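Ligands are counted one by one from 1 in listed order, and the atoms in each one are counted from 1 as well. Source: prediction; values computed, not measured. The first residue of the sequence shown is numbered 1, and numbering continues consecutively from there. Both backbone and side-chain heavy atoms feed into the values below; hydrogens, waters and symmetry mates do not.
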Amino acid sequence: MRPIFIAGNWKLNPPTLAEARQLAVDLKVQLPSGSGVEVAVCPPAAFLAPVVEAVSGSSIKVGSQDSSPHASGAYTGELSTNMVKSLGCAYAVIGHSERRQYHGETNQSVNQKTVAALASGLVPIVCVGETLAEREDSVTFAVVEQQLREGLKGLSDSVKTGAELVIAYEPVWAIGTGKVATPAQAQEVHAFIRQILASIFNSAIADRLVIQYGGSVKADNAEELLSQTDIDGALVGGASLKADSFVGIITAANAVAVSA
Ligand code: PEP
């Protein structure tokens, strides 16, 4: 059985530390208990330490939105995986489509960052997904396969159980657009991803790897998406910025976990 894992990607929000702390505290207070659903938030780098402190004593974990492939040195503006880990974080989102689009991330840089995150004991949440043009050109599967094969290259020594790594399938056309993939569209790609993961690792590991869906997930579409066989969680942008909407998604996940 795979756990359901819901993570919130706050992106460049909220604008102030006070608001970030408040969001974390609201979430901690409103978090539904007793489901076994795993929950994490990924605030901006500047807010990682205070958010770790704000959620302490709860089951909420914290992750960075990116991390460097380098451990130290002359890399201005970077955040190493050891730094992220030493703040008390558990996860690092890697290769988000906004990083690929605006910061020149490639499958190769995703691979280097994933290797570094694993070496530091962080669980990388590696994002893959096709653009609208790629979907319309019917190359979704080819694009996602290449992202997985190149992004996860050489990881067989570090991924032994499947718990070390999370994959997020985020069709770029569904991120922040309100256009959610249908449960059938998402399931089709998730099943394909699991098949590729089985060929990269092995089928036992692929069966245990959590594959999140991301792209306009909300409280009212989460249950149907999470009920799909190969959808094990959600990476949530906009709807993670308000405690009540994020808690609505966690509540939907609880319902799926309980009925499984
Ligand atoms: C994301 O940023 O990863 C995301 C899925 O955003 P949204 O939920 O707003 O589409």
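- The ligand atoms of ligand 1 that sit less than 4.0 angstrom from a heavy atom of Asn9 are 1 (C), 2 (O), 3 (O).
- The protein atom (non-hydrogen) at minimum distance from atom 5 (C) of ligand 1 is Glu170 OE2, 3.1 Å.
- Linking Ile, Leu, Val, Met, Phe, Trp and Tyr whenever their side-chain heavy atoms come within less than 4.5 Å puts Phe141 and Ile167 in one cluster.
- Here the protein heavy atom with the shortest distance to atom 1 (C) of ligand 1 is His96 NE2, 3.2 Å.
- Residue Ile205 is grouped with residue Ile193 when hydrophobic side chains (ILVMFWY) are merged at heavy-atom distances under 4.5 angstrom, including chains of intermediate members.
- Here's the thing with Ser216: one of its N/O atoms is less than 3.5 angstrom from an N/O atom of ligand 1.
- Nearest residue to atom 4 (C) of ligand 1 from Gly8, Gly237, Ala168 is Gly237 (criterion: closest heavy atom).
- Inclusion of Thr177 in the set of residues having an N or O under 3.5 Å from an N or O of ligand 1 is not warranted.
- When side chains are defined from C-beta on, Leu79 does not count as touching Ser68, because their heavy atoms never get closer than 4.5 Å.
- Between Ile60 and Val41 there is a side-chain heavy-atom pair separated by less than 4.5 Å.
- Within ligand 1, counting atoms from 1 as listed, the ones closer than 4.0 Å to a heavy atom of Gly176 are 7 (P), 9 (O), 10 (O).
- Listed by number with element, the atoms of ligand 1 under 4.0 angstrom from any heavy atom of Gly215 are 5 (C), 10 (O).
- Close approach to Gly238 involves these atoms of ligand 1, each under 4.0 Å from a residue heavy atom: 7 (P), 8 (O), 9 (O).
- The distance from atom CD of Glu223 to atom OG1 of Thr251, rounded to the nearest 0.5 Å, is 10.5 Å.
- Of the heavy atoms in Ala174, only backbone atoms (N, CA, C, O) come closer than 4.0 Å to ligand 1.
- Under the 3.5 Å distance criterion, the side-chain polar atoms of Asp230 are left unmatched by any main-chain donor or acceptor of His190.
- Centroid-to-centroid, the aromatic rings of Tyr169 and Phe192 stay 6.0 Å apart or farther.
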